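Chain identifiers are assigned alphabetically (A, B, ...) following the order of the sequence lines, protein sequences preceding nucleic acid strands; residue numbering begins at 1 within each chain. Everything numeric here is computed off the predicted structure, so don't read it as measured data.
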Number of protein chains: 2
Amino acid sequence: MIILDYKDRRPIYEQVIEKLEELMFLGVLKEHDPMPSVRSLAMDLSINPNTIQRAYAELERRGYIYVVKGKGSFVSENRTMKENRKREFLVQFSDMIDEAIRLGISDQELHQMVEVQYKAAVKITGGGET
Amino acid sequence: MIILDYKDRRPIYEQVIEKLEELMFLGVLKEHDPMPSVRSLAMDLSINPNTIQRAYAELERRGYIYVVKGKGSFVSENRTMKENRKREFLVQFSDMIDEAIRLGISDQELHQMVEVQYKAAVKITGGGET
DNA sequence: ACACTGTATTAATACTCTTAATACAGTTAT
DNA sequence: ATAACTGTATTAAGAGTATTAATACAGTGT
């Protein structure tokens, strides 16, 4: 379910956070679904439970999971998550355009890139079917 | 000339590399200009000369500066740099479009963002006047 | 000779990430 | 109640990296 990349410079717990958020976003982990337990996920990934614990603590802090003591951790109702993600996208996208301008890329070129890339990407991924 | 951000998680030497590359890109540091000496830049930034040395070694490895022993370090003829930067941009931009598709953003929306952001950014920055 | 350049080395310190070994409290099923 | 799960907390150790510090050496220019 999750594959770690040890060549990645970022710490493992961050990768775990990212992957789990992605699974929530994709709907593989649905609202109120139980998260894998700290120990079992640690076993799965062959890493220390403390490292998973750290990732879970951060996910809880972000409001993406909630904890019921003794029972486990569960996926939150995460409307906020998709909003956050979209907000981040918008910021990054406008930064990209600033960079494009610095690089002397014209708006026509940008439009063309959007067009080409969009078609190509949709063809591969299947794109935004909700 | 350079301001370090100690809240940034990345190491100082990486920030120094980034800032110096930016100054070259902007033309503040022109081809064959002398770079500030290791010791003087270290003084300026109130950090250890070794840290600057590390940044310079990396800049040389990337071909952005060249060294004349006993004289100093100088800005390379860096056509490659702008090409590299453009290449990086293209990769990132297509990644962004993939993300947009995941977020269910239509190509029309993307085109509109490009349009709005481009005009706004050019107005502020003055944009790609070379 | 002196004051600059870059470069190299070694040591010490600090910080972060990760693992390991426990321990404790709450839940659930038997 | 006991066993087997949950999450949480703590403490210690190890590894790796970033940074500083103190030198030393070689080349350049005045």
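In the set C:dT18, C:dG6, D:dG7, the nucleotide with an atom closest to the side chain of A:S73 is D:dG7. Counting only heavy atoms from C-beta on, B:Q53 has its side chain closest to C:dG6 among C:dC17, C:dG6, D:dG7. Comparing C:dG6, D:dT8, D:dT19 by their closest approach to the side chain of B:S37 singles out C:dG6. Distances from the side chain of B:K71 to the nucleotides D:dG27, D:dG29, C:dA23 place D:dG29 closest.
Nearest heavy atom pair, residue B:A55 against residue B:Y13, reads CB-O, 3.7 Å.
Put simply, A:R54 has a side-chain N or O that comes within less than 4.0 Å of OP1 or OP2 on C:dC17.
If you take OH of A:Y6 and C1' of C:dC17, they are 12 Å apart, rounded to a whole angstrom. Remark: C1' of C:dC17 and CG of A:N48 are 11 Å apart, rounded to the nearest angstrom. The distance between atom CD1 of A:I47 and atom P of D:dA15, rounded to the nearest whole Å, is 20 Å. Protein atom CG of A:L45 is 14 Å distant from nucleotide atom C1' of C:dT18, rounded to whole Å. In this structure, CZ of B:F74 is placed 11 Å from C1' of C:dG6, rounded to the nearest angstrom. Summarising the geometry, the separation between CD1 on B:I52 and C1' on D:dA21 is reported as 15 Å, rounded to the nearest angstrom. When the P atom of D:dA4 is taken as reference, atom CZ of A:R39 falls 14 Å away, rounded to whole Å. Between A:R9 atom CZ and C:dT16 atom C1' there is a gap of 13 Å when expressed in whole angstrom units.
The existence of a salt bridge linking A:E58 and A:R61 is confirmed by a sub-4.0 Å separation between a basic side-chain nitrogen and an acidic carboxylate oxygen. Here B:R54 does not pair with B:E14 in a salt bridge; the nearest charged N to carboxylate O distance is not below 4.0 Å.
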Derivation and outcome, side-chain hydrogen bond (donor to acceptor under 3.5 Å, both in side chains), residues B:Y66 and B:H32: CA-CA 9 Å; B:Y66 63 93; B:H32 305 296; 2.9 Å; yes
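If A:E60 and B:V68 are placed on DNA chain D by their nearest nucleotide, the residue sitting closer to the 5' end is A:E60.
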